[in-house]
Amino acid sequence: MAGKRRRRFGAMRKLPSGRYQVSYLGPDSKRRNAPETFPNKTAAEQYLARLETTMMAGEWADPAKAKIHVGDYADQWITQRPRLSPRTVDLYRWLLAKHIEPYVGRLPMGKLTPAAVRQWRVDLLAAGVSQTMAAKAYRLLRAVLNTAVDEDSILVKNPCRVRGADQETPSERPVLTVKQVFELADAMPVRRLRTLILVTAFCTLRWGEVVALRRGDVAPDGSRLHVRQAVTEVARRGVVVGPPKSRAGVRTLIVPAAVRAELVQHLEEWVDAGSEALLFPADNGKHMRRSNFSQRVKWTQLVTRLGMKGVHFHDLRHAGNIWVARVGVSTKDLMARMGHDDMRAALIYQRATQEADQAIADQLSKLADEHRSD
DNA sequence: GGGCTCTTCGGTCGGGATAG
DNA sequence: CTATCCCGACCGAAGAGCCC
């Protein structure tokens with residue numbers, strides 16, 4: 001066209017109706033029309049200018065893809081995610097079906113605004129969903145949408161921006177005393193489960209770790225324990241044996257002298273020969289199952305009867321950790337014993353100890369004050 | 001300007017109820 | 001007894017912020 005310079009970015013034409021239509025090349029070099037036409041040339045120019053800026057900033061979103069439904073995209077996301085553990089896949093699918101799909105699943109991606117996300121969360125909580133589960137669902141949706149932003153150019157910005165919505169409200173677990181742990185152990189219907197309780201508490205083990213222990217993991221004199229495996233129960237696959245939860249989970253523990261004799265006796269009386277024999281097997285010789293144990297010892301009723309209502313098996317591990325922290329070890333040492341890579345949990349125990357120290361100090365001060373006033 | 005701590009984000013395991 | 005549903009708690013890696 002004579003006299004007309006080609007535009008640096010995009011193209012523009014006047015339609016028979018008198019309105020202006022613009023088109024442009026996306027980052028994928030495909031030509032697209034703007035979703036609407038403009039009443040005058042200036043408006044069209046402004047649209048192109050804004051568009052160019054977003055594209056330069058790498059924030060351009062493909063309008064066609066924005067029509068994909070949130071639920072479909074999320075479903076695809078889970079399927080395509082590499083290296084998710086089976087447990088996580090199960091959880092994600094469940095969260096999607098239960099807490100996401102029914103609310104925003106049929107919404108096109110482009111229609112999922114921050115306001116819609118906010119409302120979704122409000123609805124979820126109003127429906128009686130706990131903070132914890134709402135936070136989980138929120139985090140999943142956010143992770144999905146982050147991929148939509150970063151990799152697929154479906155969205156410009158993640159609409160999940162509710163402050164604190166990803167936070168799970170931590171709750172205090174009861175702290176068992178040494179005496180209570182022994183009471184619990186004594187209440188076990190059979191001797192070998194008594195040992196299970198004591199080893200779990202004094203070696204601060206996880207359930208999956210303690211039931212995976214084998215004869216070869218215990219030093220002959222019961223002084224050391226080698227944690228090298230852990231089991232998880234996976235839907236449709238049953239018990240799965242693998243490495244412990246974290247890298248630091250593989251560890252060697254010194255067994256407190258107080259339970260060594262018991263452990264050695266347990267090995268003699270109950271554990272099959274051979275280094276691969278399980279320390280605490282089920283009656284069928286295979287790994288003990290959680291629900292099997294709970295039902296067998298009637299856990300819920302038991303702890304209630306002993307005045308420890310609401311105590312979980314995992315609280316044995318907590319108790320052990322608290323005791324260890326009270327002995328006055330460093331955070332690093334505590335982490336090593338717990339099999340943690342992360343210091344957060346260890347710090348919680350040390351804080352609990354500090355509070356106890358404070359209480360002791362306060363009591364001492366009181367005594368001193370009483371003395372002075374005499 | 002390198003090592004530390006804190007926060008954010010994504011991911012994994014534990015526990016109880018209940019149906020089979 | 002096992003399997004599964006539903007929910008709650010816990011954890012690791014990397015990025016952000018901070019302090020020498």
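Below, read A as the first sequence line, B as the second, and so on, with proteins coming before strands; counting in each chain starts at 1. Just so you know, these numbers use all the heavy atoms, side chains as well, and skip hydrogens, waters and symmetry mates.
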To the nearest Å, give me how far apart [atom1] ([X]) and [atom2] ([N]) are.
X      : N      : atom1 : atom2 : result
A/F293 : B/dC13 : CZ    : P     : 20 Å
A/L91  : C/dC6  : CG    : C1'   : 10 Å
A/Q167 : B/dC6  : CD    : P     : 15 Å
A/M288 : B/dG15 : CE    : P     : 12 Å
A/L316 : B/dG15 : CG    : P     : 9 Å
A/W207 : C/dC10 : CH2   : P     : 18 Å
A/E209 : C/dC11 : CD    : P     : 10 Å
A/K298 : C/dC1  : NZ    : P     : 10 Å

Touch class at under 4.0 angstrom, heavy-atom based, for A/F313 against every strand present: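 Sugar-phosphate, backbone atoms only, no base.
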Touch class at under 4.0 angstrom, heavy-atom based, for A/L140 against every strand present: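 No contact.
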N/O (side chain, [X]) to phosphate O (OP1/OP2, [N]) under 4.0 Å:
X      : N      : answer
A/N146 : B/dG10 : yes
A/T300 : B/dG16 : no
A/R289 : C/dT4  : no
A/W94  : C/dC6  : yes
A/R142 : B/dT8  : no

Donor on one side chain, acceptor on other, A/D72 and A/Q76, under 3.5 Å: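 Side chains of A/D72 and A/Q76: no pair found under 3.5 Å.
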Nearest to the [X] side chain among [options], which nucleotide is it?
X      : options               : value
A/D166 : B/dG10, B/dT12, B/dC9 : B/dC9
A/Y92  : C/dC7, B/dG16, B/dT12 : B/dT12
A/R81  : B/dG16, C/dC7, B/dG10 : B/dG10

A/R296 or A/R139, whichever maps to the more 5' nucleotide of DNA chain C: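 So the residue in question is A/R296.
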Side-chain donor-acceptor pairs under 3.5 Å in residues 296-304 of chain A, sequence neighbours left out?
| unit_1 | atom_1 | unit_2 | atom_2 | d |
| --- | --- | --- | --- | --- |
| A/W299 | NE1 | A/V311 | O | 2.9 |
| A/T304 | OG1 | A/T300 | O | 2.7 |

Candidate pair A/R289 and A/S294, rule side chain to side chain donor-acceptor pair (under 3.5 Å), full reasoning: CA-CA 9 Å; A/R289 306 288 291 257; A/S294 306; over 6 Å; no
Under 3.5 Å donor-acceptor pair, A/R290 side-chain atoms to B/dG15 base atoms: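 Answer yes: a donor N or O sits under 3.5 Å from an acceptor.
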Distance-only criterion, 3.5 Å: show the donor-acceptor pairs between side-chain atoms of residues 260-277 of chain A and protein atoms not counting sequence neighbours.
| unit_1 | atom_1 | unit_2 | atom_2 | d |
| --- | --- | --- | --- | --- |
| A/R260 | NE | A/V255 | O | 2.9 |
| A/R260 | NH2 | A/V255 | O | 3.1 |
| A/E262 | OE1 | A/R194 | NH2 | 3.3 |
| A/E262 | OE2 | A/R194 | NE | 2.7 |
| A/Q265 | OE1 | A/R191 | NH2 | 3.4 |
| A/Q265 | NE2 | A/E269 | OE2 | 2.8 |
| A/H266 | NE2 | A/L279 | O | 2.9 |

Short side-chain to backbone donor-acceptor contact, A/Y20 and A/A43, under 3.5 Å: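 No, A/Y20 side chain to A/A43 backbone: no donor-acceptor pair under 3.5 Å.
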